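I have placed the structure first, in the form of structure tokens, so that the comments after it can refer back to it.
These numbers come from a predicted model, not from an experiment.
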Amino acid sequence: MRPKPLFGCGMAIVVMLLTLRGSTPAQTPTPRPTPSVTPSRVERLKVAVQLEREQNDPILMTVVYAAQYAPVYEALVEEDPWHNFVPMLATDWSMSPDGKTWIFNLRKGVQWHFGWGEFTAKDVVHTLQRHVRADSMSVQVSIMQELLEHVEVVNDYQIIFRLPQPRTDLHIQLSTRWYNAILCKAYFDAEGQEGLNRKMVGTGPYQFKERVLGQYLVLARVPYQHWRVTPEFKELQFLLVPEPTTRLAMLVRGEAHLALIPFDTQPQATAKGMKVLKATVPTMPTFAMFGGNYLPSKGHYDPTIPWTKRQVREALNHAVDRKTIQNTILGGRGEPMAVTFWHATLPGWNPQWFEQYEQQYGYDPQRAKALLAEAGYPKGFKATYILTPRPELPELAQVGEVIANYWREIGVDLKLEEREFVWWREKVLKEQLRGLAWTDATVRFEDRDIMRLMYYSKGVAHFFESAFVDQKYEQFIATADPQEQDQTLREVGNHLFEEYASLPLFWLYTEFVANPQVVADDKTSGMLPPRHLEYIKAAR
């Protein structure tokens with residue numbers, strides 16, 4: 001659902017009418033038994049996943065590992081399997097023409113698990129408060145703080161955000177796209193953090209049953225008719241299996257029914273009767289970054305790092321044979337990506353990038369060597385390349401190793417280091433990636449988040465900073481006009497393209513492998529661990 005502008009006889013009248021309309025709380029319905037369905041062959045769906053963090057509190061998790069909560073918790077807005085944003089705990093929402101006032105009407109009668117009462121507006125405010133606490137792992141702390149400071153609770157079923165600046169994507173920010181699970185205030189008030197660490201209490205179609213750290217998480221279908229969906233599997237189990245080869249073996253032996261395994265091992269699985277389920281949309285941008293490209297005005301900026309020079313970044317791009325990586329490691333998969341995080345289906349796209357791509361980014365090692373010499377490095381330079389495993393793409397480390405070898409061929413003396421995601425994330429947030437390059441495969445970001453999280457000097461990741469991007473970001477957030485925003489995003493993309501801000505590789509579709517004797521079909525937008533499992537179709 002796209003945000004709808006507020007029209008009529010003025011904002012005050014609209015708000016008054018909506019307030020009156022939602023002022024009478026609905027009677028809490030008595031939970032109804034789950035309707036009988038044709039039983040599936042297997043009652044417990046077993047999903048083998050890789051998780052570096054285990055925690056029952058979703059605020060203490062990063063976006064990458066939070067999807068294990070998706071069947072338990074719900075958000076105000078759902079990103080459905082086709083990447084549409086549709087009502088979830090909010091029945092509808094509306095945005096004022098200036099993008100500063102948002103009204104969310106909340107769903108009545110939704111029950112918290114284990115008898116903790118009805119979901120209301122107080123749970124939304126409680127969730128905002130939890131996001132901004134000191135130990136939060138959320139990448140949205142600044143957004144949540146802004147919302148917390150400008151939220152108005154009209155009644156149990158309506159909230160209004162009156163923001164100091166336009167925000168045309170608030171429905172996305174409060175969606176399952178960011179795993180913005182709404183938390184139960186009554187449970188926390190009674191049990192505290194200790195209770196939250198012990199057990200999840202949500203509103204989703206599955207409820208918490210058991211977690212054994214380092215081994216598995218078991219969820220059970222709620223014992224009543226859920227307002228949204230009745231899952232076809234009685235139980236859902238996440239098996240923690242970090243090794244891809246072990247996940248493959250478990251699939252073949254029937255010990256797991258769904259998993260993500262490397263592309264080159266998929267034929268082994270399909271030869272044993274498994275089937276490949278492809279995500280509905282490309283959601284995995286894959287790329288390499290040059291750490292340390294901070295604003296020169298920052299004290300930790302180091303101009304002696306070679307790739308702070310544009311010529312060096314261009315050389316490193318020309319050094320990599322992307323087509324070979326695509327046709328070997330990725331098995332021919334992937335759409336070329338001209339600018340990291342920009343896609344033809346998102347605002348800000350410029351088709352001219354691919355018209356110039358071969359000339360400006362194509363494989364040309366001789367041109368790469370000449371550029372290094374022009375930049376003052378005729379004999380190359382020393383650098384460190386970080387290999388960080390990511391569950392999104394088991395092949396990621398291999399891609400990084402190949403890129404490192406291409407760079408060595410033009411004279412770069414590279415040292416490879418393997419680091420866990422938690423180490424890398426801390427270095428990113430603290431702006432301590434000076435002189436380090438790395439390969440990454442992450443999630444699809446929406447319009448505003450592309451700049452806010454990755455390129456804005458006051459943002460989160462600090463992948464590449466420039467005064468131009470900062471200026472354009474401030475212009476972007478000052479307007480609610482979609483055409484102006486589209487133009488600004490295109491100008492930023494042009495700048496990043498011309499500056500060789502990163503080493504863009506491909507857009508990939510996540511691919512899961514399933515046992516067709518257990519899983520009949522699965523539609524998902526591809527986020528990890530596997531999303532939308534409450535909708536999965538069971539074999540009969």
Side-chain angles (χ1 to χ4, degrees), residues 99 139-140 142-143 165-170 172-173 177-178 282-298 301 307-314 316-317 335-357 359-361 428 431 433 440-507:
V139 298
Q140 294 182 297
S142 60
I143 295 174
Q165 62 181 10
R167 185 173 287 280
T168 56
D169 64 344
L170 188 56
I172 297 176
Q173 298 300 326
R177 178 67 180 77
W178 287 103
T283 53
M284 195 186 342
T286 308
F287 53 91
M289 280 289 177
F290 313 113
N293 278 294
Y294 306 122
L295 283 180
S297 58
K298 292 186 174 181
Y301 172 75
W307 51 59
T308 58
K309 298 181 179 179
R310 178 183 179 277
Q311 286 173 304
V312 174
R313 298 193 299 271
E314 181 181 356
L316 296 176
N317 269 281
E335 301 175 6
M337 183 167 58
V339 179
T340 298
F341 300 122
W342 267 252
H343 190 269
T345 60
L346 294 173
W349 177 253
N350 185 350
Q352 294 180 356
W353 293 333
F354 276 124
E355 295 175 8
Q356 307 167 27
Y357 190 78
Q359 177 183 349
Q360 294 195 230
Y361 283 81
V428 167
E431 301 185 44
L433 288 174
D440 206 354
T442 185
V443 299
R444 171 181 176 136
F445 295 104
E446 300 305 315
D447 318 348
R448 188 184 188 113
D449 291 320
I450 291 173
M451 289 191 286
R452 179 180 68 85
L453 293 175
M454 303 304 168
Y455 297 110
Y456 184 45
S457 69
K458 299 177 184 178
V460 176
H462 311 281
F463 281 3
F464 178 86
E465 299 176 357
S466 76
F468 178 85
V469 172
D470 282 3
Q471 176 190 8
K472 291 299 176 181
Y473 179 73
E474 297 297 337
Q475 290 180 13
F476 183 90
I477 64 176
T479 180
D481 187 313
Q483 291 184 336
E484 292 181 14
Q485 290 184 329
D486 181 79
Q487 179 61 30
T488 300
L489 283 165
R490 186 174 296 103
E491 291 173 2
V492 171
N494 289 341
H495 176 74
L496 299 175
F497 182 84
E498 294 294 337
E499 288 294 320
Y500 301 91
S502 66
L503 195 151
L505 292 169
F506 310 102
W507 279 95

Which pair of non-hydrogen atoms, one from [X] and one from [Y], has the smallest distance, and what is that distance?
X: A501; Y: F290; result: O-CD1, 3.7 Å
X: M451; Y: V492; result: SD-CG2, 3.5 Å
X: I477; Y: Q165; result: CD1-OE1, 3.4 Å
X: L295; Y: A467; result: CD2-N, 3.6 Å
X: Q485; Y: T479; result: NE2-O, 3.1 Å
X: D470; Y: Y455; result: OD1-O, 4.3 Å

Please check this pair: side chain of [X] against backbone of [Y], looking for a donor-acceptor N/O pair closer than 3.5 Å.
X: N317; Y: S502; answer: yes
X: K298; Y: S457; answer: yes
X: W507; Y: W342; answer: yes
X: D481; Y: E484; answer: yes
X: Y361; Y: F354; answer: no
X: R452; Y: G459; answer: no
X: R313; Y: T308; answer: yes

Hey, what do you get for [atom1] ([X]) to [atom2] ([Y]), rounding to the nearest 0.5 Å?
X: W353; Y: E498; atom1: CH2; atom2: CD; answer: 10.5 Å
X: M284; Y: L505; atom1: CE; atom2: CG; answer: 12.5 Å
X: F463; Y: Y294; atom1: CZ; atom2: OH; answer: 10.0 Å
X: L496; Y: M454; atom1: CG; atom2: CE; answer: 12.5 Å
X: L503; Y: L316; atom1: CG; atom2: CG; answer: 7.5 Å
X: I450; Y: L489; atom1: CD1; atom2: CG; answer: 6.5 Å

### Task
Tell me, with the steps shown, if M289 and D440 meet side-chain contact (heavy atoms from CB on, under 4.5 Å).
CA-CA 8 Å; M289 280 289 177; D440 206 354; over 6 Å; no
#### Entry: S466 side chain near E499 side chain, heavy-atom distance below 4.5 Å
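With C-beta onward as the side chain, the pair stays apart.
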### Message
Measuring only between side-chain heavy atoms, which start at C-beta, is T442 closer than 4.5 Å to F341?
### Response
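Yes, side chains in contact.
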### Query
Is the closest side-chain donor-acceptor distance between Y301 and E431 under 3.5 Å?
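No.
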### Message
I'd like to know whether E491 forms a side-chain hydrogen bond (donor to acceptor under 3.5 Å, both in side chains) with Q487, so could you lay out the CA-CA distance, the side-chain angles of the two residues, the decisive distance to 0.1 Å, and finally the verdict.
### Response
CA-CA 6 Å; E491 291 173 2; Q487 179 61 30; 3.1 Å; yes
